[in-house]
Each structure stands twice: as structure tokens, then as C-alpha cells.
Amino acid sequence: MKPVKALRTRGGLSVRLDPRAALVVALLVAAALAASVALIGTGDYPMSFADVLRTLTGDGTPAQEFIVHDLRLPRVLVALLVGAALALAGAVFQSVSRNPLGSPDVIGLAQGSTAGALLVIVLFQGGTTAVAAGSVVGGILSGAAIYALAWQKGVHGYRFVLVGIAMAAILTAVIGYLLTKANLTDAARATTWMVGSLNGRDWDQVRPLAAACTVLVPLVLGHSRSLRMLEMGDDAAYALGVPVERTRLVTMAAAVLLTSAATAAAGPIAFVALAAPQLARRLTRSAGPNLTAAACTGATLLVTADWASQQLFGADRLPVGALTGMLGGCYLLWLLYTERRGGRI
């Protein structure tokens with residue numbers, strides 16, 4: 001049994017503290033910050049760690065200030081926020097469905113956001129803001145449809161995942177149809193967006209994504225205990241006083257919005273939502289959704305993947321979504337193998 005400490009304040013508030021999980025979160029935050037500084041220093045105008053830190057504190061040259069604050073810092077912030085948002089959404093869906101395959105990538109939310117964005121691109125030739133809005137609306141509508149179709153006196157595990165997989169297949173067909181109807185310019189633009197990329201991200205993507213995370217992340221974290229109880233089953237959660245369906249509805253709605261906002265900012269970044277919660281659980285060796293650790297893992301994964309893509313293939317030559325897709329596909333095969341060996345599928 002792992003040692004878990006309870007910190008008590010003078011006002012009587014008790015906070016559960018897992019020392020290993022706290023250490024893992026601290027190390028992940030340090031790794032994310034180090035990777036962020038390295039990513040800011042990477043590009044056609046390379047900068048050392050010291051130069052980046054000096055510029056971030058306001059002591060850089062005018063050229064360094066422009067490169068860091070106007071060109072590279074927004075990209076890094078989008079990477080951190082998108083990674084955290086996707087990982088947190090994945091942790092919620094995996095906890096609610098009690099299935100490691102319950103991820104926005106698998107159950108159709110990412111495809112819904114993609115279909116919404118492509119509708120705006122192909123049918124209306126919309127600009128960046130309109131495409132982002134279409135992505136958010138598509139994600140919300142697909143999430144509502146999956147929830148409604150999976151409902152049968154509540155939403156439960158495998159039915160939810162199976163409905164999501166069916167919805168993903170339908171939306172993938174819709175995406176293919178839209179691409180066949182697009183002209184060459186719109187098709188190229190849509191295909192580029194579908195890969196998932198952090199290239200060219202600026203403060204226009206940072207601000208709405210940061211606002212969404214400011215509202216939604218505390219909402220999800222506030223339901224951490226309830227989600228942990230849900231993983232023990234509905235009957236046990238009811239017995240412990242958890243409002244099961246309300247908890248599911250609120251956390252799933254927040255996860256849908258996080259996925260939609262992240263996809264609107266960077267396109268459909270593959271497999272971060274699937275892999276990060278499972279990696280966090282293995283690192284912390286702790287039961288429950290591990291929401292904070294999952295968010296930190298997702299942020300670290302995405303910013304590190306973006307740095308690695310630039311180091312291995314040159315700046316802006318390989319979209320980060322392509323790299324996470326390749327690595328995530330290997331992870332999915334490993335996950336399916338381990339689940340099959342464990343007799344769970």
C-alpha cells in the first residue's frame with residue numbers, strides 16, 4: 001500500500017497528498033519548462049538557454065525580444081496549453097468510460113472538430129477565426145451526439161466507447177467527402193490543418209485557449225475525487241454520495257470543450273489525449289484519474305515532440321501532429337497488446 005499523507009489546515013480543511021505523485025508532477029513541470037526554453041531557442045536564429053532566460057526577464061536585445069515574444073513564445077504556450085488540455089480531456093473520458101481507449105482520438109471528438117473546421121474551409125472559405133469557431137462547434141455537436149446515442153439509463157463504459165468509435169467512422173467518411181468536393185487550394189489548406197501543427201501560432205491562438213483553460217481546468221480538477229469514485233463503479237459511487245450522472249455530464253462537457261478549444265488552436269494533434277493519462281498513471285503508480293499529473297504529462301509530451309521535430313527534421317518541416325501520430329500509433333499497438341494479454345479485450 002502506498003503511503004498517502006493528509007495535510008490539515010487550521011480551518012479544518014484536509015488535503016490528500018501522495019508524495020510520489022507530487023514528485024512526479026514537480027519533475028514533469030521542470031521537464032516542460034526546460035523543453036520550453038530549449039524550443040524557444042531553436043530555429044533559424046538559435047539562442048542559448050541563458051539568452052532565452054535573459055530575454056524572458058526583459059534583458060534581451062531588441063532582435064531577441066522580437067524573436068522570443070512575438071514569434072516563438074506564443075508557439076510554446078500553445079504547445080503547453082494544447083498538450084495539457086488534450087491530456088486532461090483524455091483522462092476524464094478514460095475515467096468515465098473506465099477504458100484506456102476512451103480518448104477523444106478514438107471516440108470521435110477530434111473527428112467532429114475536424115469535420116466542423118473543414119465545413120468552414122470547403123463550403124465558406126472561412127478565415128482563421130471562422131475555422132477555429134467551426135472546429136469548436138463541430139466538437140461540441142459530436143460530443144452531444146455521442147452522449148445522446150450512448151445514453152441508456154446512464155452512460156456506461158464500453159457502450160460509450162463503441163458509440164464513439166462508430167461516430168468517428170461516420171465523421172471520417174464526412175471528412176473524406178468534404179475533401180473530394182474541395183478545390184485544390186482549399187483541399188491543400190484543409191489537409192495541412194488536419195495534420196495538426198504549431199507552425200505560425202501567435203497570440204491570437206494563445207488568448208482564447210488560455211481563457212478556456214482558465215475556466216475549464218479548475219472545473220475538471222474540482223471533480224477529481226468524484227471521478228476517482230466513479231472508477232469503482234456506479235453503485236459504489238452512489239453509496240459514497242457522488243451524484244453520478246451530474247458528475248459525468250459536467251466533466252464530459254468540460255472535456256469536450258477542452259478538446260474543441262485545443263483542436264481549434266492547433267488542429268487535431270493525435271494520440272496525446274490517449275497516451276498522456278496512461279503514462280501519468282504509470283509514473284505516479286496511483287489509482288484514479290491523476291488529473292494534474294496527466295495535464296503535466298500532456299504539456300511535456302507536446303512541447304518535447306515539437307522540439308524533437310525541429311531538431312530531427314528542421315524547423316517547420318514536420319508538423320508536430322505527424323510525429324505524435326507516428327509515436328502514438330506505436331503506443332496504441334502496445335496498449336492493445338497489453339490489454340489483450342491482461343484479458344480485458
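This is a predicted model, so every value here is computed, not measured.
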Checklist entry - Do side-chain atoms of Thr180 reach the backbone of Tyr177 as a donor and acceptor pair under 3.5 angstrom? => result yes
Item to check | Any side-chain heavy-atom pair of Arg72 and Phe66 under 4.5 Å | outcome: no
Checklist entry - What closest approach, in Å, do Ser224 and Pro289 show between heavy atoms, and which atom pair accounts for it? => result O-CG, 4.1 Å
Checklist entry - Is the backbone N or O of Ala293 less than 3.5 Å from a side-chain atom of Asn290, with the two atoms forming a donor-acceptor pair by type? => result no
Checklist outcome for this item: When every non-hydrogen atom of Ser95 is compared with those of Leu227, the smallest separation belongs to OG-O, 3.4 Å
Checklist entry - Of all heavy-atom pairs between Val78 and Ala266, which one has the smallest distance, and what is that distance? => result CG1-CB, 4.4 Å
Checklist entry - Is Asp59 reaching over with its side chain to a backbone N or O of Arg54, donor-acceptor style, under 3.5 angstrom? => result no
Checklist entry - Closest approach of Thr251 and His223, non-hydrogen atoms and distance? => result CG2-CB, 3.6 Å
Checklist entry - Do Leu179 and Phe124 belong together in a cluster built from hydrophobic side chains that touch within less than 4.5 Å? => result yes
Next on the checklist: For a quick test of reading the model, state the closest non-hydrogen atom pair linking Pro319 to Gly196 and the distance between them.
Outcome noted: CB-O, 3.5 Å
Checklist entry - Would a hydrophobic clustering, with Ile, Leu, Val, Met, Phe, Trp and Tyr connected at side-chain separations under 4.5 Å, put Val272 with Ile107? => result no
Checklist entry - Cluster question for you: counting only ILVMFWY and a side-chain heavy-atom cut-off of under 4.5 Å, with indirect links fine, are Leu249 and Met252 together? => result yes
Checklist entry - Between Phe93 and Ala255, which heavy-atom pair has the shortest distance, and what is it? => result CE1-CB, 3.5 Å
Checklist entry - Say you draw a straight line from CD1 of Ile140 to OG of Ser113; how long is it, rounded to the nearest 0.5 Å? => result 8.5 Å
Next on the checklist: Before you tell me yes or no, could you show the steps for Ser135 and Trp193 under side-chain contact (heavy atoms from CB on, under 4.5 Å), namely the whole-Å CA-CA distance, both residues' side-chain angles and the distance that decides it to 0.1 Å?
Outcome noted: CA-CA 11 Å; Ser135 174; Trp193 187 88; 4.0 Å; yes
Checklist outcome for this item: Rounded to the nearest 0.5 Å, the CG atom of Leu118 sits from the OG1 atom of Thr191 at a distance of 7.5 Å
Checklist entry - Taking atom CG of Leu219 and atom OG1 of Thr214, what is their separation to the nearest 0.5 Å? => result 12.5 Å
Checklist entry - Got a donor-acceptor contact below 3.5 angstrom from the Gln94 side chain to the Pro277 backbone? => result no
Item to check | Separation of Ile121 CD1 from Met194 CE (nearest 0.5 Å) | outcome: 9.5 Å
Checklist entry - Is it true that a side-chain atom of Thr300 and a backbone atom of Leu28 form a donor plus acceptor pair closer than 3.5 Å? => result yes
Checklist entry - Do side-chain atoms of Gln205 reach the backbone of Arg75 as a donor and acceptor pair under 3.5 angstrom? => result no
Checklist entry - Under 3.5 Å, is there a donor-acceptor pair between the side chain of Arg201 and the main chain of Ala265? => result yes
Next on the checklist: What's the separation between atom OG1 in Thr55 and atom CE in Met47, rounded to the nearest 0.5 Å?
Outcome noted: 3.5 Å
Next on the checklist: Run the side-chain contact (heavy atoms from CB on, under 4.5 Å) test on Leu301 and Leu279 for me, step by step, so that the C-alpha distance in whole Å, both residues' side-chain angles and the decisive distance to 0.1 Å come before the verdict.
Outcome noted: CA-CA 10 Å; Leu301 280 177; Leu279 291 175; 3.9 Å; yes
Item to check | Intermediate values then yes/no, side-chain contact (heavy atoms from CB on, under 4.5 Å), Val163 and Tyr147 | outcome: CA-CA 9 Å; Val163 169; Tyr147 187 88; over 6 Å; no
Next on the checklist: Quick check: do Leu171 and Thr114 have side-chain heavy atoms less than 4.5 Å from each other?
Outcome noted: no
Item to check | Side-chain donor/acceptor of Thr263 to backbone N/O of Ser260, under 3.5 Å | outcome: no
Checklist entry - Shared ILVMFWY cluster between Leu39 and Val206, side chains joined below 4.5 angstrom? => result yes
Checklist entry - Rounded to the nearest 0.5 Å, what separation is found between the CG atom of Leu258 and the CG atom of Leu109? => result 11.0 Å
Item to check | Side-chain donor or acceptor of Trp307 paired with backbone N/O of Val37 under 3.5 Å | outcome: no
Checklist entry - Can you hop from Leu80 to Leu73 via hydrophobic side chains spaced under 4.5 Å? => result yes
Next on the checklist: Please evaluate residues Arg285 and Arg20 with respect to the criterion side-chain contact (heavy atoms from CB on, under 4.5 Å), reporting the C-alpha separation (whole Å), side-chain torsions for both, the decisive distance (0.1 Å), and the verdict.
Outcome noted: CA-CA 8 Å; Arg285 298 179 185 173; Arg20 181 186 176 90; 3.4 Å; yes
Checklist entry - Taking Thr324 for the side chain and Ala270 for the main chain, is one N or O donor matched with an acceptor at less than 3.5 Å? => result yes
